[in-house]
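When reading the values below, keep in mind they use all heavy atoms of this one structure, side chains included, and skip hydrogens, waters and symmetry mates.
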Amino acid sequence: HASCPGVAQIQVVWCDEQGEPPAELEENPKIVVERHAANTMNERFRILEPTPTMGILSMDDDVLRPCEAIDSGEGMSLLSFHFFAPSWEWASIVEENPSRMVGFDARSYEVKEEGHWSYAYMSVTEKANRYSLTLPRYCFIHRDYLNWYFTDMPKPILEKVESIFNCEDIAMSFFVSSLTGGQPPLLADFWAIKSMLKLYSPKRISGQKQHKSLRDDCVDSFADLLNLKDKLQPATYVHRDNYLFECGAEANKSNQEDNGMVGRHTEHVEQVGRWSNMNPQDAMKEVSKLINTMAGNAYVRGLIEKTEPWQKRWKR
């Protein structure tokens with residue numbers, strides 16, 4: 001991500017008191033390593049160093065997308081990387097949507113017996129073609145929400161996240177929706193959503209035996225604490241008529257002309273415009289080329305599991 005032209009700065013949230021961050025992080029001028037004293041999932045939203053932009057691309061350390069996908073998300077909202085990115089590019093739509101999250105991972109909830117909510121995985125979300133939250137493992141969010149997470153979030157939610165080492169993503173998505181009249185997050189273009197490459201990670205929270213039951217309880221209790229059960233508005237996930245480019249809730253679009261567009265932004269708009277005029281299958285072939293280039297770079301760095309460079313790097 002440091003190679004992406006639109007990335008102003010990357011702030012790495014380092015919570016490992018026993019280990020040191022890789023030397024390559026310290027050597028890159030775009031990267032700032034924040035050393036956090038506490039090791040909880042809440043810390044991913046705590047800003048220790050000033051950010052160069054009002055918007056943050058919050059992301060996990062084992063998720064990778066092409067630079068063009070980041071541009072797609074920027075085009076939906078205003079918003080540097082808290083594991084952080086960005087830029088002037090959000091300009092037009094951001095001015096109209098400063099309070100909305102823009103996500104790449106849509107999820108939903110299901111209503112069970114006696115009105116209890118449960119966490120719905122991607123498969124359920126896709127089948128129903130409805131979503132109501134997004135995961136901050138890869139999403140744009142205004143800097144103020146990261147600060148308000150600690151000052152305005154109900155204390156029982158913060159305590160729950162700390163005790164179970166889980167559900168901070170649900171907490172943030174619900175928190176923002178509770179402050180925006182129950183509106184769901186916005187979503188990036190569908191082609192950008194599908195461009196994700198999952199990298200190797202020695203420890204995965206989702207691998208916990210009780211992961212689903214923990215998240216079921218979080219969805220239900222957090223919705224109650226934030227008064228969302230009668231307010232959260234589900235939205236259509238994929239719009240079938242133009243599914244690669246129309247995804248999620250509708251954003252408020254500015255009527256102003258893009259007179260300030262320069263270089264990279266103009267190229268991105270032209271590229272997406274060309275894809276939109278292509279057969280969807282041909283357009284996704286173009287996206288696949290971007291993913292393959294990105295995957296090649298990750299392969300060389302030993303980040304693709306069960307490959308020779310991975311075995312050398314991780315001594316497997």
Could you go through the salt bridge (Lys or Arg N to Asp or Glu O under 4.0 Å) check for Glu126 and Lys194 one step at a time?
CA-CA 13 Å; Glu126 289 181 330; Lys194 291 300 183 181; 3.1 Å; yes

Nearest heavy-atom neighbours spanning [X] and [Y]:
| X | Y | value |
| --- | --- | --- |
| Leu197 | Ala298 | CD2-CB, 4.1 Å |
| Glu110 | Ala120 | CG-CB, 4.1 Å |
| Ser195 | Ala192 | OG-O, 2.7 Å |
| Val102 | Leu187 | CG1-C, 4.1 Å |
| Gln9 | Pro50 | OE1-O, 3.9 Å |
| Leu244 | Ala283 | CD1-CB, 3.8 Å |

Hey, which of Lys112, Lys160, Lys212 is the one that makes salt bridge (Lys or Arg N to Asp or Glu O under 4.0 Å) with Asp217?
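Checked Lys112, Lys160, Lys212 against Asp217; only one passes salt bridge (Lys or Arg N to Asp or Glu O under 4.0 Å): Lys160.
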
Only one of Asp62, Asp60, Asp105 passes salt bridge (Lys or Arg N to Asp or Glu O under 4.0 Å) with Arg137, and that residue is Asp105

[X], [Y]: one ILVMFWY side-chain cluster at the under-4.5 Å cut-off?
| X | Y | value |
| --- | --- | --- |
| Ile157 | Ile164 | no |
| Ile193 | Val272 | yes |
| Leu57 | Met196 | yes |
| Leu214 | Leu158 | no |
| Leu135 | Val124 | no |

How far apart are the C-alpha atoms of Ser58 and Arg44, what are their side-chain angles, what is the distance that settles it, and do they pass the side chain to side chain donor-acceptor pair (under 3.5 Å) test?
CA-CA 8 Å; Ser58 173; Arg44 71 172 298 154; 3.2 Å; yes

Relative to the ring of Tyr121, is the ring of His211 parallel (under 30°), tilted (30 to 60°) or perpendicular (over 60°)?
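Rings of His211 and Tyr121: parallel, under 30°.
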
Once the angle between the rings of Phe175 and Tyr145 is folded into 0 to 90°, is it parallel (under 30°), tilted (30 to 60°) or perpendicular (over 60°)?
perpendicular

Treating [X] as the side-chain partner and [Y] as the backbone partner, does any N or O pair qualify as donor plus acceptor under 3.5 Å?
| X | Y | value |
| --- | --- | --- |
| Ser177 | Gly182 | no |
| His116 | Val111 | no |
| Glu34 | Glu49 | yes |
| Trp14 | Gly19 | yes |
| Arg301 | Pro309 | no |
| Arg313 | Leu303 | no |
| Thr125 | Ser108 | yes |
| Tyr131 | Pro185 | yes |
| Asn279 | Gln281 | yes |

What verdict does the salt bridge (Lys or Arg N to Asp or Glu O under 4.0 Å) test give for Glu308 and Lys312, after you've listed the backbone C-alpha separation in whole Å, the side-chain angles of each residue and the deciding distance to 0.1 Å?
CA-CA 6 Å; Glu308 184 176 345; Lys312 291 180 178 180; 3.5 Å; yes

Within a strict 4.5 Å, meaning less than it, do heavy atoms of the [X] and [Y] side chains meet?
| X | Y | answer |
| --- | --- | --- |
| Asn297 | Met294 | no |
| Ile304 | Tyr299 | yes |
| Val12 | Asp61 | no |
| Phe222 | Pro154 | no |
| Glu286 | Arg274 | yes |
| Val63 | Phe104 | no |
| Val161 | Met172 | no |
| Val287 | Trp275 | yes |

Going by distance alone, is a donor N or O of one side chain under 3.5 Å from an acceptor N or O of the other, for Thr134 and Ser173?
no

One pair to check against side-chain contact (heavy atoms from CB on, under 4.5 Å): Asp224 and Trp117. What are the steps and the verdict?
CA-CA 10 Å; Asp224 278 331; Trp117 285 15; over 6 Å; no

Please tell me whether Tyr149 and Phe45 form a close aromatic pair, meaning their ring centres lie under 6.0 Å apart.
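Yes, close enough.
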
Trace of the side-chain contact (heavy atoms from CB on, under 4.5 Å) decision for Val176 with Gln183:
CA-CA 9 Å; Val176 175; Gln183 294 183 99; over 6 Å; no

Just jot down the side chain to side chain donor-acceptor pair (under 3.5 Å) partners of Arg107, sequence neighbours excluded, or say none.
Tyr119

Counting only heavy atoms not in Lys285, do more than 12 sit closer than 6.0 Å to its NZ atom?
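No - once you tally the heavy atoms of other residues, nucleotides and ligands closer than 6.0 Å, there are 12 at most.
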
How many angstroms lie between [atom1] in [X] and [atom2] in [Y], if you round to the nearest 0.5 Å?
| X | Y | atom1 | atom2 | result |
| --- | --- | --- | --- | --- |
| Glu246 | His239 | CD | NE2 | 6.5 Å |
| Asn147 | Ile47 | CG | CD1 | 5.0 Å |
| Gln210 | Asp216 | CD | CG | 11.5 Å |
| Thr236 | Arg130 | OG1 | CZ | 4.5 Å |
| Ser3 | Lys30 | OG | NZ | 7.5 Å |
| Cys247 | Tyr237 | SG | OH | 5.0 Å |

The criterion is disulfide (SG to SG under 2.5 Å); which residues satisfy it with Cys167, sequence neighbours excluded?
Cys218

Working note: Met59 + Ile10, criterion side-chain contact (heavy atoms from CB on, under 4.5 Å); need CA distance, chi angles, decisive distance, verdict.
CA-CA 10 Å; Met59 60 172 291; Ile10 297 177; over 6 Å; no

Of Gln11, Glu43, His36, Arg35, which is the lone residue that meets side chain to side chain contact (heavy atoms under 4.5 Å, CB included) with Leu48?
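Checked Gln11, Glu43, His36, Arg35 against Leu48; only one passes side chain to side chain contact (heavy atoms under 4.5 Å, CB included): His36.
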
